[in-house]
Engineer: 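Submitted below is the structure of interest, expressed as structure tokens.
Computed from a predicted structure; not experimentally measured.
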Amino acid sequence: QVQLVESGGGLVQAGGSLRLSCAASRRPFSRYAMGWFRQVPGKEREFVAAISWSGTNTDYADSVKGRFTISRDNAKNTVYLQMHSLVPEDTAVYYCAADGLFPDGASRLKAPYDYWGQGTQVTVSS
């Protein structure tokens, strides 16, 4: 069982930056690909970014490409989402997730992710 806890969300003005963190409770953290998803009320939870267990493979949603960077520190059992140039459309609850099914990949799908955090709110004001 992997427990995931997100942190780093909050209020930020458009154009600002935030760094989200997701801490995993146990090892081997490196055997999981990790993803970030986000959700707003009334909409489907959508893919944001993902990273393979080794960190060599990453993928991003088109809406965040060039602005967000996903990274991980396996020694700290932590994955990060660095967000720059935030816009109001980025406002959502952000969830991290662990994918033990395809650890070599960086899946855009929700199904492969076995564990999910409780989410952290990101609000971007105009």
Engineer: Output the distance between atom CH2 (Trp36) and atom SG (Cys22), rounded to the nearest 0.5 Å.
Structural biologist: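 Atom-to-atom, Trp36:CH2 and Cys22:SG are 5.0 Å apart.
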Engineer: To the nearest 0.5 Å, what is the distance between CE on Met34 and CG on Leu4?
Structural biologist: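 One finds 5.0 Å between CE of Met34 and CG of Leu4.
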Engineer: Is there a donor-acceptor pair under 3.5 Å between the side chain of Thr91 and the backbone N or O of Val124?
Structural biologist: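 Checked: pair present.
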Engineer: Grab the two heavy atoms, one from Ser21 and one from Thr78, that are nearest each other, plus how far apart they are.
Structural biologist: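 Reported closest heavy-atom pair: CB-CG2, 4.3 Å.
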Engineer: Verify side chain to side chain contact (heavy atoms under 4.5 Å, CB included) between Tyr60 and Thr58, making sure each step is shown before the conclusion.
Structural biologist: CA-CA 7 Å; Tyr60 297 90; Thr58 60; 3.8 Å; yes
Engineer: How many angstroms lie between CG in Asn57 and CD1 in Ile51, if you round to the nearest 0.5 Å?
Structural biologist: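 Going from the CG atom of Asn57 to the CD1 atom of Ile51 covers 9.0 Å.
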Engineer: Which pairs with one or both residues in residues 116-126 pass side-chain hydrogen bond (donor to acceptor under 3.5 Å, both in side chains), sequence neighbours excluded?
Structural biologist: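 Matches after skipping sequence neighbours: Gln121-Thr123.
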Engineer: Passes side chain to side chain contact (heavy atoms under 4.5 Å, CB included), Phe102 versus Leu109? Steps please.
Structural biologist: CA-CA 11 Å; Phe102 302 112; Leu109 305 176; over 6 Å; no
Engineer: Using the side chain to side chain contact (heavy atoms under 4.5 Å, CB included) rule, take Arg38 and Tyr95 through it: C-alpha gap first, then chi angles, then the decisive distance, then the call.
Structural biologist: CA-CA 6 Å; Arg38 66 188 183 187; Tyr95 300 87; 6.0 Å; no
Engineer: Is the shortest heavy-atom distance from the side chain of Val48 to the side chain of Phe68 under 4.5 Å?
Structural biologist: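 Yes, at least one pair of side-chain atoms sits under 4.5 Å.
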Engineer: Applying side-chain hydrogen bond (donor to acceptor under 3.5 Å, both in side chains), which residue pairs with at least one partner in residues 98-112 are found, sequence neighbours left out?
Structural biologist: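 Only Glu44-Lys110, Trp53-Asp104, Asp59-Arg108 qualify under side-chain hydrogen bond (donor to acceptor under 3.5 Å, both in side chains).
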Engineer: When you group the ILVMFWY residues by side-chain heavy-atom contacts below 4.5 Å and let the links chain together, are Ile70 and Leu86 in the same group?
Structural biologist: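 Yes.
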Engineer: I need the minimum non-hydrogen distance between Val93 and Gly119, along with the two atoms involved.
Structural biologist: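 Heavy-atom minimum between the residues: CG1-CA, 3.8 Å.
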Engineer: Do the two ring centres, one from Phe47 and one from Phe37, sit under 6.0 Å apart?
Structural biologist: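 For Phe47 and Phe37, the ring centres are under 6.0 Å apart.
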Engineer: Please report the shortest heavy-atom distance between Ala14 and Pro88, naming the atom on each side.
Structural biologist: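 Residues Ala14 and Pro88, closest heavy atoms: CB-CD, 4.2 Å.
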Engineer: Which heavy atom of Leu20 sits nearest a heavy atom of Gly9, and at what distance?
Structural biologist: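 Smallest interatomic distance, heavy atoms only, reads CD2-N, 3.5 Å.
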Engineer: Are any of the side-chain heavy atoms of Asn74 and Arg72 separated by less than 4.5 Å?
Structural biologist: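 Answer yes - side chains close enough.
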Engineer: Show your working on side chain to side chain contact (heavy atoms under 4.5 Å, CB included) between Ser17 and Gln82 and close with a plain yes or no.
Structural biologist: CA-CA 8 Å; Ser17 300; Gln82 180 67 59; 4.2 Å; yes
Engineer: With sequence neighbours left out, what residues match Arg67 under salt bridge (charged side-chain N to carboxylate O under 4.0 Å, His left out)?
Structural biologist: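 In terms of salt bridge (charged side-chain N to carboxylate O under 4.0 Å, His left out), with neighbours along the sequence ignored, Arg67 is linked to Asp90.
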Engineer: Examine Tyr32 and Tyr94 and state if one hydrophobic cluster contains both, with Ile, Leu, Val, Met, Phe, Trp and Tyr joined whenever side-chain heavy atoms are less than 4.5 Å apart.
Structural biologist: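 Looking at the clustering, Tyr94 is in the same group as Tyr32.
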Engineer: How many angstroms lie between CG in Leu18 and CE in Met83, if you round to the nearest 0.5 Å?
Structural biologist: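 One finds 4.5 Å between CG of Leu18 and CE of Met83.
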